[in-house]
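Single-structure report; data block below.
Order of the sequence lines sets the chain letters (A, B, ...), proteins ahead of strands, with each chain counted from 1. Since we're looking at a predicted model, the values are computed, not measured.
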Amino acid sequence: MILELMIALTAGAAMFGTGLYGALSQTNLVMIIMGVELILAAALVNLVAFWRYLHPEEPAAQMFVLIIMAVMAVEMTVGFGIAIARFRSRGSVEMEEARELKG
Amino acid sequence: MTVLTVLLSLAAGAYLIAMLEGWAVHGRLQPARPVISALALLGRESLLARKPDRLFFEVGPVLLLVAGLLAVAVIPLAPGIIVTDLATGALFLNAALAYVLVALIMAGWGPNGAYGMIGGWRFLGQFVAYAMLVVMPITAVALRAESLSTVDIVMSQSALWNIAYQPLGFALFIAAAMGLCWLPPLDLPTAPGDLAGGIEAEYTGVRLAVLRLARMVVILALAGATVTFYLGGWLGPWLPGWAWSGVKILIVAGVMVSAGRLVPRVREARYLELSWKLGIPLALANIFVVGVIALVVPI
Amino acid sequence: MNFLALTLLAPLLSGLTILALRRAPEALALAGAVLGLIGAVGLFIAASDGTVQAVLPGLPDMPLRLVATPLTAVLALVVATVAGFVLTYATGYMAGDPEKARFFGTMLLFVTAMQGLVLAGDWIMLLAAWEMIGFASYLLIGFWHGRAGVASAATRAFLYTRSADLGLYLGAFLLIGVAGTSEISGTLAITGAPALIAGLFLLVAAMGKSAQVPLQDWLQRAMAGPTPVSALLHSATLVAAGAILLIRTAPMLPGGALLAIGIVGGLTAVITGLIALAERDLKRLLAASTASQYGLMLVAIGAGVPIAALLHLIAHAAIKSSLFLGAGVFQHDREGTGLDTLAGAGRARPGIFAGFAIAALALAGIPPLAAFFSKDAIIAAALASTAAPWLLPLALAGSVLTGTYMGRALKVLWTGEAGPARTPVPFMAIGMSVLVALAAGLGFSFGALEHVLGAEIEKPGWIVPVIGLAVGIGGLALGWFFAPARLLGPLLAPAQNGFTVAGGMDGLILRPSLSIAAACEAFEQRLLAAQIGLIRNLGLGAARLVDRGDGQLFKFSIWIGQQSLRLGRGTRSMDTNRIDVAIFGLVRRITAASTRARRLQSGLIHRELALTVIGIGLIVIVLLTAPHYF
Amino acid sequence: MTVQMIFLVFFGGAAVWFGIVVFRTHSMVRSALALLFSQTAVGLMFLVMQAEFLGVLQIMMMATEMSVMAIFMVMFMMDPGGMGAMDMTHQKRLSLWAGGIGLAAALAVIWLADWGPIGTDIPGAAQQTADLGRELLGRSMFIFQSVGLTILTAMVAATMVAIAPAKEQPK
């Protein structure tokens with residue numbers, strides 16, 4: 001029984017790792033958003049695993065999963081809103097070019 | 001056993017729908033037409049675009065078929081005949097139908113053709129609107145049945161069918177269904193007029209046959225869904241359960257297919273505007289109304 | 001109540017629209033006048049059975065009141081009728097005038113003000129209206145301000161009436177103070193000393209406005225205005241204000257005040273009568289005759305029978321306005337109103353002359369016409385009053401003089417060769433003929449009028465009508481057959497220049513006040529010169545003082561400059577070789593550190609993302625390890 | 001139990017594999033759809049873990065979401081088809097290290113921590129959905145409503161940001 005929990009969590013961790021790598025390494029904002037989506041998916045997996053194997057009778061865990069899904073949706077919306085605005089003004093969303101905040 | 005019966009009835013239904021569509025498009029009722037065209041398609045040479053995205057090109061039609069089948073899996077033809085009676089059947093049906101979109105994007109993007117791509121992205125643009133218009137009426141139906149499982153939904157309609165109980169929901173569901181399986185008035189992805197076949201433009205031979213069959217299955221799935229949600233599934237006075245649901249599905253499918261002859265194709269922006277500004281508010285209102293009625297009226 | 005509003009508002013609105021639109025002034029003016037007339041008639045009918053009262057919000061506890069007792073309603077009716085027909089006359093008279101709009105607008109504003117005065121229920125409204133008609137008369141007299149002498153005549157008229165108005169102010173405020181309420185009917189109950197003093201003040205106001213003796217000069221000069229103005233203002237309305245004021249306050253006036261009024265009235269009647277006789281200009285003659293007629297009215301009031309004065313006022317209003325209108329027509333023909341220029345003008349226009357003659361005879365007191373009845377009433381009142389020995393001779397002399405100057409005017413107009421008859425004057429004819437008809441027919445209505453006013457005059461025996469008739473015919477005959485020079489003899493010269501005693505008004509008031517002003521001016525100049533001188537030498541002394549102090553100051557600052565220079569040199573040397581070295585060293589080290597830190601702020605999103613992840617990692621490590629160690 | 005484990009391993013592996021594919025492919029649409037299938041694999045894992053409602057919901061949601069992402073990819077990327085095989089990455093070494101350390105830390109926590117007793121009585125799918133419904137509209141109604149509100153504000157904000165300012169709109 002404990003093994004399934006371990007497997008699920010490792011899968012989550014692996015997705016987290018790839019997501020993190022992707023978010024940091026990609027030059028394009030959209031790819032970064034996808035990286036973040038992967039990290040959030042990893043979070044989802046962990047949550048459901050914890051719910052299934054540790055506290056099955058607790059509905060609050062499931063509610064929290066919905067919250068994370070909402071976060072994914074909101075993050076994507078705002079991300080693409082900014083992406084569109086930036087694309088419209090700068091012509092591209094390459095992170096290399098975003099030097100305006102230079103100290 | 002039930003899976004086999006469902007698949008057989010599905011095949012029969014697809015055949016009849018193909019015949020109906022042939023009749024609707026060509027005006028003459030030729031029973032043998034689907035068989036001939038299927039054989040012709042299988043016989044033709046299957047071409048490939050110059051630099052296709054091979055994976056998508058192959059997977060597109062198959063995914064469409066899978067989506068259709070998954071959707072049908074949840075539809076109860078009779079009290080016993082249902083592939084899997086999931087507790088969240090209605091939602092599962094919707095999830096399956098969501099993959100129609102993915103399949104169309106793949107089919108559109110795969111062959112690296114302009115018309116296909118436009119057809120695919122155009123369907124994406126609309127699908128976001130359909131999804132809402134499908135999910136919300138389903139919520140209203142589930143609201144009445146107080147459970148998401150399709151069998152419970154049908155049982156809840158024993159006293160009064162949902163079409164009478166929530167006609168607004170029915171109208172919205174039908175409109176969205178027509179759009180989902182891109183039947184003529186809303187056949188924008190494969191609009192013969194401006195996109196020259198759109199998605200189906202690049203496909204030939206076996207893949208086109210699979211695509212067409214998949215479309216038939218999706219139409220049947222949607223007809224089945226309408227029947228289960230709104231027309232009281234297998235309920236009916238004289239005939240046995242499965243006969244009733246069969247007849248109803250065929251009637252609904254027939255209506256959906258033949259509707260194309262009456263109404264000119266709706267323009268993309270027009271349809272979007274209608275569904276977002278009119279459809280979704282109405283759907284929300286429908287949920288609200290059904291909620292109130294469910295509280296007040298005991299049936 | 002709405003008739004009240006109509007009488008007041010109709011002329012006001014039409015006046016304002018004319019001034020605003022400056023288009024079709026005649027039509028609008030007539031419309032306003034006719035509506036005002038209808039309002040006045042309605043008001044009169046309404047007032048005949050009960051006073052109509054309207055209270056308008058005014059000062060905190062002194063609301064403005066409009067009251068239409070039978071007395072005031074009659075007056076309003078008179079004003080409205082005269083105004084209506086004078087305006088119809090004026091449309092003809094002012095036909096060629098470029099500034100017609102201004103004329104008609106001001107005329108209508110004047111009519112409104114006059115109605116306001118007549119209908120005023122309280123002193124403040126009365127005061128306001130009084131001032132308004134004074135101002136309107138100034139505007140109307142000075143209408144042809146381009147012409148020589150007109151502006152000075154208007155200002156003179158204005159000054160005369162304004163100075164007399166002081167009396168009204170003092171009287172009104174005294175009455176309000178004593179009675180506590182600003183309502184006229186309320187203040188009439190006062191008796192004793194305050195009533196006497198107020199009465200005298202009101203008399204002064206009346207003398208100013210009705211051009212009684214000392215202040216009669218402005219009326220002749222006011223003839224410089226257009227004839228319709230003189231017809232309306234200087235015969236029926238404006239000049240009547242004084243008389244109206246006294247008539248309305250008559251119940252309150254004690255014996256002494258009445259006597260004073262009577263004497264003033266009598267004297268004016270005689271003196272202005274002589275002036276009228278000696279006049280060389282037809283309009284100035286009529287103006288002087290107006291003053292004398294009002295003198296007679298004051299005599300009636302003085303005699304204690306205000307109703308007689310009221311009747312004579314009404315009759316005189318119709319008569320004098322028609323006379324003026326007639327004079328206006330002759331003026332149109334002969335381009336001037338001098339008696340020598342108008343000789344024979346009447347013969348050229350038989351119709352107009354007939355009207356003029358009827359009005360003249362009416363004024364003189366020939367029986368069937370209006371003034372006969374009212375003049376009889378006055379003579380009867382003078383006869384019956386306690387101060388008969390004073391009032392009767394003056395009244396009789398006044399009426400004889402009236403007859404003479406009217407006769408002379410008729411003679412002048414009739415004798416002499418008839419000049420060419422000019423173009424027909426329809427409007428003028430209509431206006432004049434109606435007024436002449438009124439002048440003739442009013443007499444018969446006096447009986448009904450007395451009944452309405454509720455004050456019956458006991459019909460004197462047969463004596464008074466006979467005396468009145470004799471006086472009237474005698475006067476006319478004298479006027480017609482004997483030239484004024486023969487009649488007046490020694491009095492001719494002074495009469496011609498208006499009996500100016502000791503230089504008249506100019507001498508008595510104008511020149512002295514101007515000289516006083518000049519004296520003050522001179523004094524003030526000298527005062528100013530003295531001040532400037534004072535300031536000048538004060539300033540010079542202070543300046544010398546300051547100059548010496550500044551010298552020392554200068555030397556002292558030079559000294560301080562040297563000291564600070566020495567100090568500056570010392571600090572500079574200390575600063576350069578020790579402090580600077582330390583600072584620059586520090587600066588170098590900081591810039592080095594900052595360049596390293598700046599790399600951190602690369603602005604690259606992905607670099608910052610990496611930094612955040614590292615940060616999170618550190619936090620997690622700290623969170624996990626911390627509980628074990630602390 | 002073992003069947004569940006096998007499926008779990010299979011879908012977990014699929015999710016991770018598609019996750020990696022997302023960043024390795026040059027064709028943008030492929031990477032978007034790879035992410036889609038990785039999310040679907042996660043949904044299937046939920047189904048395997050008997051959280052039926054969540055699983056179906058995840059599958060349904062992700063289908064639409066990721067296809068929307070696909071279209072954005074096509075809009076923004078220089079070479080959406082991935083024909084030119086451009087290398088779209090930078091600071092690879094640092095991100096590799098960060099990913100590796102993150103993974104190692106997570107694994108360490110998973111394998112070393114003692115998770116306590118495994119829950120056994122899993123409520124039925126219908127029961128779960130009912131409990132979730134009551135939970136959402138009962139105890140944590142406030143959270144649920146505020147999330148709803150945040151989504152609304154996010155939508156409004158995103159559209160506001162995305163709408164071109166007045167002067168730039170093409171006349």
Measuring only between side-chain heavy atoms, which start at C-beta, is V45(A) closer than 4.5 Å to L9(A)?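 Side chain of V45(A) against side chain of L9(A), heavy atoms only: no contact under 4.5 Å found.
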
Quick one: are L47(D) and F11(D) in side-chain contact, heavy atoms under 4.5 Å?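 Of all side-chain heavy-atom pairs linking F11(D) with L47(D), none is under 4.5 Å.
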
Flag the one option from [options] with the top tally of heavy-atom pairs under 4.5 Å to chain D.
options                        : result
V74(A), V48(A), L20(A)         : V48(A)
S25(A), A60(A), G19(A)         : S25(A)
L38(A), L24(A), I33(A)         : L24(A)
F80(A), F87(A), W51(A), F50(A) : F80(A)
E57(A), R86(A), M76(A)         : M76(A)

Counting only non-hydrogen atoms closer than 4.5 Å, does [X] touch chain D with its backbone (N, CA, C, O), its side chain (CB onward), both, or neither?
X      : value
V78(A) : both
E37(A) : both
I7(A)  : side chain
M63(A) : both
S92(A) : neither
A61(A) : neither
V93(A) : side chain

Could you look at [X] and say if it's the side chain, the backbone, both or neither that has a heavy atom under 4.5 Å from chain A?
X       : value
A51(D)  : both
P117(D) : backbone
M61(D)  : side chain
R93(D)  : neither
M160(D) : neither
T159(D) : neither
M49(D)  : both
V147(D) : side chain

Are side-chain N/O atoms of Q39(D) and Q58(D) paired as donor and acceptor at under 3.5 Å?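 Note: Q39(D) and Q58(D) side chains meet the donor-acceptor criterion.
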
If we count only N and O atoms by modelled type, under 3.5 Å, do the side chains of Q128(D) and Q62(A) hold a donor and an acceptor together?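 Result is yes, a qualifying pair exists.
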
Which atom names give the shortest non-hydrogen contact between [X] and [Y], and what distance separates them?
X       : Y       : result
A13(A)  : A106(D) : CB-CB, 3.6 Å
L8(D)   : A8(A)   : CD2-CB, 4.2 Å
M155(D) : T77(A)  : CA-CG2, 4.3 Å

First locate atom [atom1] of [X], then atom [atom2] of [Y], and finally report the distance between them rounded to the nearest 0.5 Å.
X       : Y       : atom1 : atom2 : value
L5(A)   : I110(D) : CG    : CD1   : 8.5 Å
M34(A)  : I39(A)  : CE    : CD1   : 12.5 Å
T129(D) : R134(D) : OG1   : CZ    : 10.0 Å

Within 6.0 angstrom of F64(A) CZ, more than 12 heavy atoms from elsewhere: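 Check fails, neighbour count at 12 or below.
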
What class does the angle between the rings of F18(D) and F37(D) fall in, given that below 30° is parallel, 30 to 60° is tilted and above 60° is perpendicular?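 Tilted: the ring planes of F18(D) and F37(D) meet at 30° to 60°.
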
